[in-house]
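Each chain gets a letter, A, B and so on, in the order the sequences are listed, and its residues count up from 1. FYI, side chains are in, hydrogens and waters are out, and symmetry mates aren't considered; it's all heavy atoms of this structure. These numbers were taken from a predicted model, which means no experiment stands behind them.
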Number of protein chains: 2
Amino acid sequence: MDDILFTEEFKTNPDKYVLPSVAINNVIFGFDDNKVKVLLLRTAYAELWTLPGGFVLKEDELITAAERLLKLFTGLDSVYLKHFGVFGAVNRAEKERELFLNDQRQDNQLNYNFFLQRFVVLGYLALVQYKQVSPLSDDVRQCEWFDLESVPELTFDHNLIIETAFRELRFQLNYLPIGFNLLPEEFPLKSLQKIYETILGKKLDRGNFNRKILSYGILEKKEKYFSGAANKAPFMYSFNKEQYFNALENGLGAF
Amino acid sequence: MDDILFTEEFKTNPDKYVLPSVAINNVIFGFDDNKVKVLLLRTAYAELWTLPGGFVLKEDELITAAERLLKLFTGLDSVYLKHFGVFGAVNRAEKERELFLNDQRQDNQLNYNFFLQRFVVLGYLALVQYKQVSPLSDDVRQCEWFDLESVPELTFDHNLIIETAFRELRFQLNYLPIGFNLLPEEFPLKSLQKIYETILGKKLDRGNFNRKILSYGILEKKEKYFSGAANKAPFMYSFNKEQYFNALENGLGAF
DNA sequence: TTAATATTGAGTCGCAATGACTCAATAAAT
DNA sequence: ATTTATTGAGTCATTGCGACTCAATATTAA
């Protein structure tokens with residue numbers, strides 16, 4: 001249970017339950033409306049938004065901890081989740097030190113002392129299907145999707161963490177299950193193309209893109225249609241899971 | 001100073017000086033005699049070898065801690081050094097738990113309790129010029145180069161850490177300053193080719209390799225010669241640092 | 001002096017992939 | 001009927017790559 005974090009017992013005795021000075025932050029990417037999205041969390045203590053995150057319970061494997069947090073904030077399990085970097089700058093809590101000074105409410109102090117410690121943050125990158133996520137929303141915490149291009153100023157060094165995660169995403173574009181994890185079960189080819197275009201930051205030629213992506217033999221054409229627009233309905237496709245992961249091993253070649 | 005680690009004061013009070021439950025291990029790669037080498041450390045407490053490593057002093061940046069350790073074990077600073085993974089499995093100290101039980105010397109016990117804690121290890125990968133390294137050797141600790149293919153069983157999960165580092169090395173071959181950091185200032189083209197062949201695990205055609213590597217315009221031909229063998233002396237080359245790092249940004253294309 | 005050895009330069013050849021195109025047929029909504 | 005975007009099926013020139021060959025050169029050892 002993550003919610004040990006919100007008990008009095010944890011606040012007075014955190015090192016009994018979690019690995020000291022180690023924290024986890026998840027950069028959760030989604031894709032919708034032709035834009036890369038990232039899931040952020042409204043903090044209780046300030047106007048700043050923050051990355052969903054938490055700590056490693058003593059009995060948890062690292063990846064288990066990351067999965068537990070992902071589940072907490074999105075409701076999902078078994079999605080793509082991968083460590084991509086560490087963040088432990090000495091001064092990464094400077095901003096918070098000031099913010100907390102301005103909030104003298106007694107019952108927050110214990111928490112503040114805990115959060116102002118120096119942590120080594122393990123960054124985990126998640127790729128999820130936008131529509132499947134139920135962003136956490138309870139009395140204290142609310143999650144919301146943001147366009148990657150309009151992420152506001154965040155707590156700690158979280159802006160840096162997101163930048164790093166996205167650079168990793170771009171770098172590994174041909175080695176990560178990008179489409180597979182970001183798109184729903186069935187999708188038109190253009191959606192996949194848009195993902196590549198967005199991440200690469202450049203336009204791709206439809207014919208060439210289709211020629212190439214289909215040549216891998218990882219897609220299956222469906223008979224179903226998508227409707228609603230004033231044009232011919234595009235064919236839907238789905239990934240052949242087995243062949244897809246097979247092909248990823250060797251990389252999909254560069255776009 | 002790293003050697004705080006060897007004082008009584010540190011042994012009784014480690015959390016005062018270093019970040020608790022965080023450790024660093026360096027996988028230090030060199031290249032000599034057409035083989036990839038890795039620097040290992042003889043442990044005081046057992047026959048097993050181990051990866052050079054240590055802890056993060058409270059005032060250290062993470063990379064500073066990794067650099068400090070690299071310096072301690074190799075005598076070098078300012079080489080290529082990069083985080084490549086975390087290792088924090090719950091059971092990663094199982095092997096040591098048994099080993100330590102067999103050594104009941106009183107003055108080792110404090111140390112043992114410290115090392116048997118659960119740590120999250122930050123893996124750093126270093127590329128160094130083999131000949132420039134002065135492997136640490138003092139009363140307690142001795143470093144030695146091992147061929148990557150004949151690394152013995154190591155402490156903890158260090159074999160896994162090395163495997164992961166090498167996979168990263170191969171994966172990033174065209175994006176890392178491989179040759180630049182592994183080779184001496186001047187070298188014959190064949191040496192560079194051998195590095196690529198060794199890391200990729202396959203033979204490359206000389207003509208094609210030279211054609212490609214020279215096409216990047218990152219190498220400068222020197223007039224000097226290398227002698228000693230019963231054949232025409234090869235030309236020596238050196239990297240044009242500026243153009244090299246420029247080209248790396250975009251990757252060197254795949255071999 | 002000669003033989004053995006590995007480096008070097010300068011190519012060829014065919015194949016596959018890529019990027020930039022074009023043209024026309026099709027289906028769906030207004 | 002008109003507008004719109006999807007779709008299929010191409011072309012074409014360029015580039016890069018892998019697998020080659022052939023001959024000249026420098027060096028050491030016999």
Side-chain angles (χ1 to χ4, degrees), chain A residues 33-34 170 173-175 179 183-184 186-238 247-248 250-255, chain B residues 33-34 170 173-175 179 183-184 186-238 247-248 250-255:
Chain A
D33 191 25
N34 291 337
R170 178 178 304 186
L173 184 55
N174 294 304
Y175 300 89
L183 291 173
E186 299 195 352
F187 52 89
L189 273 193
K190 180 133 282 181
S191 295
L192 189 57
Q193 185 183 337
K194 286 286 180 187
I195 290 187
Y196 279 81
E197 288 181 341
T198 307
I199 294 179
L200 293 172
K202 65 178 181 190
K203 291 278 171 213
L204 298 172
D205 177 82
R206 169 187 63 94
N208 295 336
F209 179 83
N210 290 9
R211 185 211 299 166
K212 191 166 173 183
I213 207 80
L214 290 174
S215 76
Y216 298 133
I218 57 179
L219 292 173
E220 284 170 3
K221 195 173 186 171
K222 300 289 169 175
E223 287 307 322
K224 298 177 188 172
Y225 291 85
F226 168 89
S227 78
N231 55 33
K232 180 176 177 179
F235 284 101
M236 304 298 272
Y237 287 81
S238 71
L248 274 179
N250 311 315
L252 288 182
F255 275 98
Chain B
D33 191 25
N34 290 338
R170 179 177 304 187
L173 184 56
N174 296 303
Y175 300 89
L183 290 173
E186 299 195 350
F187 52 88
L189 272 194
K190 180 132 281 182
S191 295
L192 190 57
Q193 185 183 338
K194 285 287 179 186
I195 290 186
Y196 279 80
E197 288 181 341
T198 308
I199 294 178
L200 293 172
K202 66 178 180 189
K203 291 279 172 213
L204 299 173
D205 177 83
R206 169 185 63 92
N208 296 335
F209 179 84
N210 290 10
R211 185 211 302 167
K212 192 165 172 185
I213 207 81
L214 289 174
S215 77
Y216 298 134
I218 57 179
L219 292 173
E220 284 170 2
K221 195 172 185 172
K222 299 289 171 175
E223 287 307 322
K224 298 177 189 171
Y225 291 85
F226 168 87
S227 78
N231 55 34
K232 181 178 176 179
F235 284 101
M236 303 298 271
Y237 287 81
S238 73
L248 274 180
N250 310 316
L252 288 182
F255 275 100

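Remark: P of D:dG16 and CG of B:L214 are 15 Å apart, rounded to the nearest angstrom.
Scored by the side-chain hydrogen bond (donor to acceptor under 3.5 Å, both in side chains) test, B:R211 finds B:N208 as partners (sequence neighbours excluded). Partners of B:F187 by ring-ring contact (aromatic ring centres under 6.0 Å, His included), not counting sequence neighbours, listed by chain and number: B:F239. Partners of B:E197 by side chain to side chain contact (heavy atoms under 4.5 Å, CB included), not counting sequence neighbours, listed by chain and number: B:Q193, B:K194, B:K203, B:L204.
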Legend entry - Base versus backbone protein contacts along nucleotides 4-11 of chain C [heavy-atom cut-off under 4.0 Å; B, S, -]: -BSBBB--
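Nearest heavy atom pair, residue A:S238 against residue A:E186, reads CB-CG, 4.4 Å.
Each end of the helix from C:dT1-D:dA30 to C:dT30-D:dA1 gets its own axis, taken as the rotation carrying the C1' atoms of four end pairs onto the next four within a five-pair window, and the two axes meet at 10° to the nearest 10 degrees.
The stretch residues 195-203 of chain A has no heavy atom under 4.0 angstrom from DNA chain D at all.
Tested against B:Y196, the residues B:I199, B:L192, B:T198 include a single side-chain contact (heavy atoms from CB on, under 4.5 Å) partner, B:L192.
One finds the OH atom of A:Y237 at 7.0 Å from the CG atom of A:N210 (value rounded to the nearest 0.5 Å). Taken from NZ in A:K212 to CG in A:D205, the straight-line distance is 12.0 Å, to the nearest 0.5 Å.
Checking side-chain atoms of B:R170 against main-chain N and O of B:L200 turns up no donor-acceptor pair under 3.5 Å.
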